[in-house]
Protein chains: 2
Amino acid sequence: MRAEDFDEVRRLPLFRSMRPASFQAVMQGTYAQRFPPRLDLFRQGQGADFLHVVLEGSVELFADWQGASTTMAVVRPVGTFILAACIRDLPYLMSARTLEQTRILLVPAPGIRAVFREDAEFAVSIVEELAEAFRSMARHAKNLKLRNSRERIAGYLLEQSELAGRADRFVLQVEKRLVASYLGMTAENFSRALRSLAMDGVELKGQTVTITDRAALVRACPNDMLIDGPNPDATGGGLTLPRPALPRERRRKGRPGQG
Amino acid sequence: MRAEDFDEVRRLPLFRSMRPASFQAVMQGTYAQRFPPRLDLFRQGQGADFLHVVLEGSVELFADWQGASTTMAVVRPVGTFILAACIRDLPYLMSARTLEQTRILLVPAPGIRAVFREDAEFAVSIVEELAEAFRSMARHAKNLKLRNSRERIAGYLLEQSELAGRADRFVLQVEKRLVASYLGMTAENFSRALRSLAMDGVELKGQTVTITDRAALVRACPNDMLIDGPNPDATGGGLTLPRPALPRERRRKGRPGQG
DNA sequence: CGGATGGTTGATAGCAATCAAGCACAGTGG
DNA sequence: CCACTGTGCTTGATTGCTATCAACCATCCG
């Protein structure tokens with residue numbers, strides 16, 4: 001591993017608070033590698049050999065079953081993936097491929113597990129990373145189960161706007177077909193539903209999205225901190241009031257969920 | 001906290017490998033409590049004060065948004081919940097209620113966070129628990145995105161059969177409406193789809209399910225270790241072969257997913 | 001200029017939600 | 001003992017959202 005990589009990695013949130021000796025130990029066998037676009041990194045079901053850290057570029061995590069395939073997440077710098085599989089030394093639940101040219105740090109899983117026991121600060125970093133991954137996946141599931149496709153798209157656009165610094169105009173970071181899959185719908189339906197959001201203050205031109213009426217868009221999908229993510233100091237909603245204990249749980253029209 | 005509770009708790013997977021002094025520290029302010037059926041334990045959005053450990057009974061974790069509600073998980077002894085929220089000291093993403101009379105251990109979150117740094121064995125237990133929670137949620141999301149309702153039900157039945165020791169006859173552990181919600185469909189649809197599985201080797205009588213033709217049921221939903229869970233020494237499938245890189249990703253008929 | 005890929009649009013089918021009863025069962029109270 | 005009532009479950013009719021199938025367009029690229 002190159003010296004400049006070494007320094008860069010040392011500054012990553014996951015590694016910055018650990019003791020120098022621990023860092024050295026974890027770095028044994030660790031290397032950074034550059035991958036071309038659209039390269040399969042690993043398949044679901046494989047054994048977990050390396051913790052992956054995205055340094056540059058982006059990686060798609062996806063899953064498939066019986067010929068169907070779905071995008072589970074897109075990881076960008078400085079995100080990690082398959083931490084859980086490494087910790088438990090179990091097969092990956094997802095497959096991974098690069099979306100663009102991507103530089104990835106590959107940290108041997110055994111080293112992680114060993115140093116975890118010896119360096120409390122590293123353990124804290126690991127567990128916080130993992131906790132955030134859990135919460136992210138829980139939000140993903142909630143999003144799928146509690147919202148219909150139109151709402152999911154509206155929510156996604158609002159979230160992207162937040163990530164772009166609450167900008168009213170931003171460019172989609174990934175191709176639409178991938179967003180569609182991530183949001184749990186077909187590309188065709190995504191296209192249609194996205195267009196239909198013109199009524200709700202969304203303007204489209206290629207990959208560029210312009211929010212012309214934020215209030216209307218929020219009306220189409222009231223944002224909720226507990227689904228859309230923490231987005232610091234969100235003025236919008238984040239409301240989650242205790243509901244008034246209805247006689248028999250009432251269901252909102254338009255969504256499955258339960259009774 | 002009673003002495004016999006103390007001993008019982010000490011033997012739990014989460015606490016059994018930690019040092020005595022650490023255990024003492026974590027137990028400060030910890031208490032076991034018995035709750036009546038159908039009692040709300042907390043609401044999503046609340047601050048994470050206690051790690052919860054189910055000692056007896058069962059707890060439903062659910063989430064709601066804009067009047068819609070969905071079951072995210074059912075926790076049984078000796079499972080924990082909201083570990084991630086405790087670790088990160090963030091609001092719960094889900095609400096919780098008891099399903100039956102339930103005894104729960106309430107462990108103050110600050111103690112967890114403090115002792116985590118001091119006792120490596122405890123840290124390992126925590127992180128393994130959390131990793132498993134992540135994987136469970138990831139499987140839940142995969143299940144929702146890659147299978148249609150019929151398949152999800154068939155998969156659920158096969159899983160329940162495994163949990164009952166690969167029994168061909170077993171009793172549903174929770175009411176059907178709740179299973180339906182967990183599987184992401186309405187109670188009505190669950191009822192219909194369940195009945196339609198008679199064609200696939202499933203017999204029904206009240207809460208009792210009899211699998212008369214396991215092969216047929218597996219055909220209705222090929223089980224996959226990476227969705228249905230680890231179910232030790234499963235003979236069935238668990239196959240997840242590298243697909244042969246089709247010219248343009250083909251989609252199976254009947255499921256959303258992506259392209 | 002093909003050819004491949006991503007995106008869009010239209011027509012159609014189908015799965016799943018909604019609305020509305022009706023049934024079964026348990027607990028309660030007369 | 002038996003209405004009475006609440007709850008869970010089922011069934012039927014209907015609506016409608018979403019997938020599927022099939023073109024077609026735009027862009028990029030060798």
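Throughout, a chain's letter reflects where its sequence line sits, starting with A, and its residues are numbered from 1.
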Phosphate OP1/OP2 of C/dA16 contacted by B/Thr186 side-chain N/O (<4.0 Å) = no

Identify which nucleotide among D/dA19, D/dG8, D/dT11 has an atom closest to any side-chain atom of A/Met185, counting heavy atoms from C-beta outward.
-> D/dA19

Minimum-distance nucleotide to B/Arg195 side chain [options: C/dT18, D/dT11, D/dC9] = D/dT11

Look at A/Arg34 together with A/Glu100 and state whether they make a salt bridge at an N to O cut-off of under 4.0 Å.
-> no

Hey, is the side chain of A/Gln207 poking within less than 4.0 Å of OP1 or OP2 on C/dG6, counting only N and O atoms?
-> no

No-H, no-angle donor-acceptor pair, A/Arg192 side chain to D/dT20 base, under 3.5 Å | yes

Do the side-chain N or O atoms of B/Asn148 get closer than 4.0 angstrom to the phosphate oxygens (OP1, OP2) of C/dC15?
-> no

Minimum-distance nucleotide (side-chain atoms of B/Glu188 versus C/dA20, C/dG7, C/dA17) = C/dA20

Regarding A/Arg97 and the six-membered ring of A/Phe62, is the cationic atom NZ or CZ under 6.0 Å from the ring centre and inside 45° of its axis?
-> yes

Does D/dC17 have OP1 or OP2 sitting under 4.0 Å from an N or O in the side chain of A/Arg147?
-> no

Residue pair B/Asn189/A/Asn189 against DNA chain D: nearer the 5' end by closest nucleotide is B/Asn189

In whole angstrom, give the distance that lies between atom CG of B/Leu197 and atom C1' of C/dC15.
-> 15 Å

When rounded to whole Å, the CZ to C1' distance for the pair B/Arg152 and C/dA17 reads 13 Å

What's the CD-C1' distance between B/Glu60 and D/dG8, to the nearest Å?
-> 14 Å

Among the nucleotides C/dG7, C/dA20, D/dG8, which one has an atom lying closest to any side-chain atom of A/Glu175?
-> C/dG7

Starting at CD1 of A/Ile153 and ending at C1' of C/dG7, how long is that distance when rounded to a whole Å?
-> 14 Å

Interatomic distance where CG belongs to B/Leu194 and C1' belongs to D/dT10 [whole Å] | 11 Å

In whole angstrom, give the distance that lies between atom CZ of A/Arg177 and atom C1' of D/dA26.
-> 15 Å

Should A/His52 and A/Thr80 count as side-chain neighbours, where that means a heavy-atom distance under 4.5 Å?
-> no

Whole-Å distance, B/Lys205 NZ to C/dC25 P, equals 13 Å

Ignoring backbone atoms, test whether A/Ser191 places a side-chain nitrogen or oxygen under 4.0 Å from the OP1 or OP2 oxygen of C/dG7.
-> no

Report the nucleotide, chosen from D/dT20, C/dA16, C/dG7, that has the shortest atom-to-atom distance to any side-chain atom of B/Ser149.
-> C/dA16

Which heavy-atom pair separates A/Val59 from A/Ala96 by the least distance, and what is that distance?
-> CG1-CB, 4.0 Å

Could you tell me whether the side chain of B/Leu146 reaches within less than 4.5 Å of the side chain of B/Ile227, counting heavy atoms only?
-> yes

